Amino acid sequence: MAPGDGKTVALFATCINDTMFPSTPKAVVQVLERLGCKVVFPKSQSCCGQMLTNTGYYDEAIPSVRNYVKTFDEYDYIVGPSGSCIGAVRHQHPMIARHAKDEGLETATEDIVQRTYDFSEFLVDVLGVEDVGAYFPHRVTFHPTCHSMRIAKVGDKPQRLLRAVRGITLLELPQADQCCGFGGTFSVKNPDVSVAMGTDKARNAASTGAEYLVAGDNACLMHIGGILNRGNTGVQRIHLAEILANTEEGATL
Amino acid sequence: MTIDQSRSTRREVDRNRLTPAPPTESYLGMPAFPKGVKSELGNQQLRRNLRHATTTIRGKRAMRQAEVHNWQEMRTAAEQIKNRVGRHLDHYLIQAEEKMTAAGITVHWARDAEEANRIVVDITKSKNTDEVVKIKSMATQETDLNEALEEAGIAAWETDLAELIVQMGHDKPSHILVPAIHRNRSEVREIFLDEMGNWGAPAPADISDDPPELANAARLHLREKFLRAEVGISGGNFIVADTGSLVIVESEGNGRMCLTLPETLISVVGIEKLVPTFDDLEVFLRLLPRSSTGERMNPYTSIWTGVTEGDGPQDLHVVLLDNGRTKVLEDPVGREALRCIRCSACMNVCPVYERVGGHAYGSVYPGPIGSILTPQLRGVSSPIDQSLPFASSLCGACDEVCPVKIPISDILVHMRHKVVEYKKGKRPIPTGERVLFKGLGWMMAKGNRLAGAQTFTKTAGKLFKRKQYIGPIPIPGYAANWTNARDIPMPPAQTFRDWWAEREDTK
Ligand code: SF4
């Protein structure tokens, strides 16, 4: 029996992955189906609302929270490939519901939070797998990302998944736990500091000699990757899910 | 600039002043944070100093935390003790006043900075003296006491080594614990050579930039001031309500001199500095040194419970300072910042602080705590105060180290909301950013609206199929802010939701 047999997973692609990085949610679908899960994509989904909340626009974030609850309420497992968006759902949705002074919504968010997982957590904690049968014969370095570590609190699950990948060479990223400087709208409201931080992160990544910089969050990767690309460092960005989707038998979707 | 040129730009001594003049620029007049950081980011010397200093102290703090098996329980205890103080502040304040008075301390109440400064000036004048020695204190920096004293004809001398460097350098502190963190030893040497002689004992002419030599010059310079002074001024780290004890911690021993030599001691203490009982102090005296200097125990801890004949100050005054704190207490989210014990751990781990230092924050409290406390104390009407809550990438490193468990990131977000609301109240007609976020909120309310908006990204993706990245976009605002230094991926021609729909159709 496959670990995911009998489990229906509602994929929360997140707005940025849906729009800018579709290969990541595709990879999630591939891994989850390979492990036996039935994956659904409720198309009424939009965004976790984090960008609005974190910029101080609470009123404007309320509809996103309502929409999340309405979209995913019927599912037991809601899985998204972003520590930051998942962290925002868990940590901020109840707060926004309280701000909306809507008790029903508050109860609903508190309940749905229990069923919302980051992709790496779902694999390790719910499906109980670390080796997902992936093969990736490349040198990679892993950036843990702040919100995965400190808000979604995924711990070392991404690293455990990576270590089980066949053919992979994992290189240690210097000062891995330092923020890359993306920070949502921080990246455009404080562009100078953001770039200063990102440049240090990019330099650390390049210093490892890795081909790929891997993380569980495409937003951070978009920022660091943008700097890596501008500087022609040759280091590519890649989401954890895309490494896990890669197998020896078949290329990714 | 060569070194000689920089030395020749040395300033003329202002003979009208009793002490070195600080920079003329007021904190509130400072540019918003994103503008203020430009010169600091371009100063590699400063960045190197900051990187070195914060990395070292960060490591020490982590090591000291790891030694304490029940660190998390202690943090929780500290949080709860301080919360209790906040809940019953009126009770503990009155109790503290009674106990301090009974022990022989004269207690004063100051509503704001001006009142606090007036009280200190009046007491000092009544002692017929025109100078005071000071222990490093955040509260008196908050009230800008030194300048109030200067105006009243009283010279205030900073005696903490780093504060002395700042004062002699006509400078502002850039860190709450190590205020001269932005200076290196050659700069300190030059400052001492140029300035000490103008205000007392000069530095030896052949002084090198060797730290022990510099410290010795400071010692000699300060010694005559310590011996002369009739009045000492300090802040206070804690006041124990049930015993009326005033607790002052410091590392250099300069505080011990200020606290024991002058006949009169005046301590300006924020009203949130209370702890209920002497037992509660234990928790904080263990958390504070490990969190701030990375030491197991604080080197000099002075506790005054009233006055004792023949030992220490014979006339002891405590000025209890509000200066916006009761206003902070009214806000159920923001009030958690009042637990702060000024250890500086949050700024030492802050990646933003590490790169820009303290000056750009335009406040005596820089770094994460400054970004949440200053706009609460001063309000959010000035550009600098409006920008402070946004001076963070919300990475959460500060939340993890704060010994009193202040949820700094959450309060940053809360203060961002306050800034947005303030602006909405001020300008009913929405500005560019508000229109953008209103639109974003509308778009994200429903999946099909997001799908509609994706038409634009898909079109771009189709048009520029062969381009992987977009380079600089010269449209002022967010587009340029992003692409000036970072490329942005070209959006794909097919979104995930389209791919999914296609896959479902072919099933
Ligand atoms: S907020 Fe916390 S970490 Fe920062 S100075 Fe205050 S007590 Fe220390």
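Residue numbers begin at 1 in each chain, while the letters A, B, ... track the order of the sequences. Owing to the predicted nature of the structure, the values given are computational and were not obtained by experimental measurement.
Side chain of Gln386(B) to backbone of Val380(B): a donor-acceptor contact under 3.5 angstrom is found. For the pair Asn348(B) (side chain) and Ile57(B) (backbone), a donor-acceptor distance under 3.5 Å is absent. A donor-acceptor pair is defined here as one N or O able to donate and one able to accept, closer than 3.5 Å; such a pair exists between the side chain of Ser392(B) and the backbone of Leu394(B).
With salt bridges taken as basic N to acidic carboxylate O contacts below 4.0 Å, one links Asp102(A) and Arg66(A). Ionic pairing of Arg51(B) and Glu354(B) is not present here: no N-O contact between side-chain nitrogen and carboxylate oxygen is shorter than 4.0 angstrom. Residues Lys424(B) and Glu60(A) are paired through a salt bridge, judged by an N-O separation under 4.0 Å between the basic side chain and the carboxylate. Classification of Glu103(A) and Arg98(A) as a salt-bridged pair fails, no side-chain N sitting under 4.0 Å from a carboxylate O. Salt bridge present: Lys189(A) and Glu433(B) bring a charged side-chain N and a carboxylate O closer than 4.0 Å.
Residue contact with chain A, scored on non-hydrogen atoms closer than 4.5 Å, involves the backbone and the side chain of Arg434(B) alike. For Arg355(B), the part sitting under 4.5 Å from any heavy atom of chain A is the side chain, from C-beta outward, and nothing else. Interface residue Leu11(A): only side-chain heavy atoms are found under 4.5 Å from chain B. For Asp399(B), no part lies under 4.5 angstrom from a heavy atom of chain A. Looking at Asp177(A), neither its backbone nor its side chain comes within 4.5 Å of chain B, counting heavy atoms on both sides. Of the two parts of Met149(A), neither the backbone nor the side chain holds a non-hydrogen atom closer than 4.5 Å to a non-hydrogen atom of chain B. In this structure, chain B has heavy atoms under 4.5 Å from both the backbone and the side chain of Thr53(A). Heavy atoms of Pro389(B) lying under 4.5 Å from chain A are absent altogether. Neither the backbone nor the side chain of Lys418(B) comes within contact range of chain A; no heavy atoms are under 4.5 Å apart. Proximity to chain B involves both the backbone and the side chain of Gln45(A), based on heavy atoms less than 4.5 angstrom apart. Looking at Val39(A), the atoms closer than 4.5 Å to chain B (heavy atoms on both sides) sit in the backbone and in the side chain alike. Heavy atoms of Glu504(B) lying under 4.5 Å from chain A are absent altogether. With a threshold of 4.5 angstrom between heavy atoms, Val352(B) approaches chain A through its backbone and through its side chain.
Chain A forms more heavy-atom pairs under 4.5 Å with one residue of Asp498(B), Leu412(B), Thr483(B) than with any other, namely Thr483(B). Counting heavy-atom pairs closer than 4.5 Å to chain A, the top-ranked of the candidates Ala397(B), Pro491(B), Ala479(B) is Ala397(B). For the options Gly471(B), Gly447(B), Ala451(B), heavy-atom pairs under 4.5 Å to chain A are most numerous at Gly447(B). Interface check for chain B: of the options Gly198(A), Gly231(A), Cys47(A), Gly49(A), the most heavy-atom pairs under 4.5 Å are formed by Cys47(A). The candidate from Val356(B), Val37(B), Asp410(B) with the greatest count of non-hydrogen atom pairs under 4.5 Å with chain A is Asp410(B). With chain B as the partner, the residue from Pro63(A), Gly184(A), Cys180(A) showing the most heavy-atom pairs under 4.5 Å is Pro63(A). Comparing Gln468(B), Met443(B), Lys438(B), Lys446(B) by heavy-atom pairs within less than 4.5 Å of chain A, the highest count is held by Lys446(B). Most heavy-atom pairs under 4.5 Å with chain A, from the set Ser409(B), Gly477(B), Pro489(B): that is Pro489(B). Interface remark: of the candidates Asn54(A), Asp200(A), Val195(A), Asn54(A) forms the most heavy-atom pairs closer than 4.5 Å to chain B. Counting heavy-atom pairs closer than 4.5 Å to chain B, the top-ranked of the candidates Ala13(A), Gly181(A), Ala61(A), Ser187(A) is Ser187(A).
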> For Asn49(B) and Gln45(B), what are the C-alpha separation, side-chain angles and deciding distance, and is it a side chain to side chain donor-acceptor pair (under 3.5 Å)?
Replying inline: CA-CA 6 Å; Asn49(B) 290 358; Gln45(B) 174 72 58; 3.1 Å; yes

>> Set out, in order, the CA-CA distance, both residues' side-chain angles and the distance that settles side chain to side chain donor-acceptor pair (under 3.5 Å) for Ser64(A) and Asn67(A), then state yes or no.
In response: CA-CA 5 Å; Ser64(A) 306; Asn67(A) 188 55; over 6 Å; no

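If you take CG on Asn218(A) and CG on Asn17(A), they are separated by 4.5 Å, rounding to the nearest 0.5 Å.
Ring to ring, Phe12(A) and Tyr68(A) are close: their centroids are under 6.0 angstrom apart.
Ring geometry for Phe182(A) against Trp482(B) counts as perpendicular: the plane angle is over 60°, on a 0 to 90° scale with 30° as the lower cut. Between His417(B) and His99(A), the ring planes are perpendicular. Angles over 60° get that label, and only those under 30° would be called parallel.
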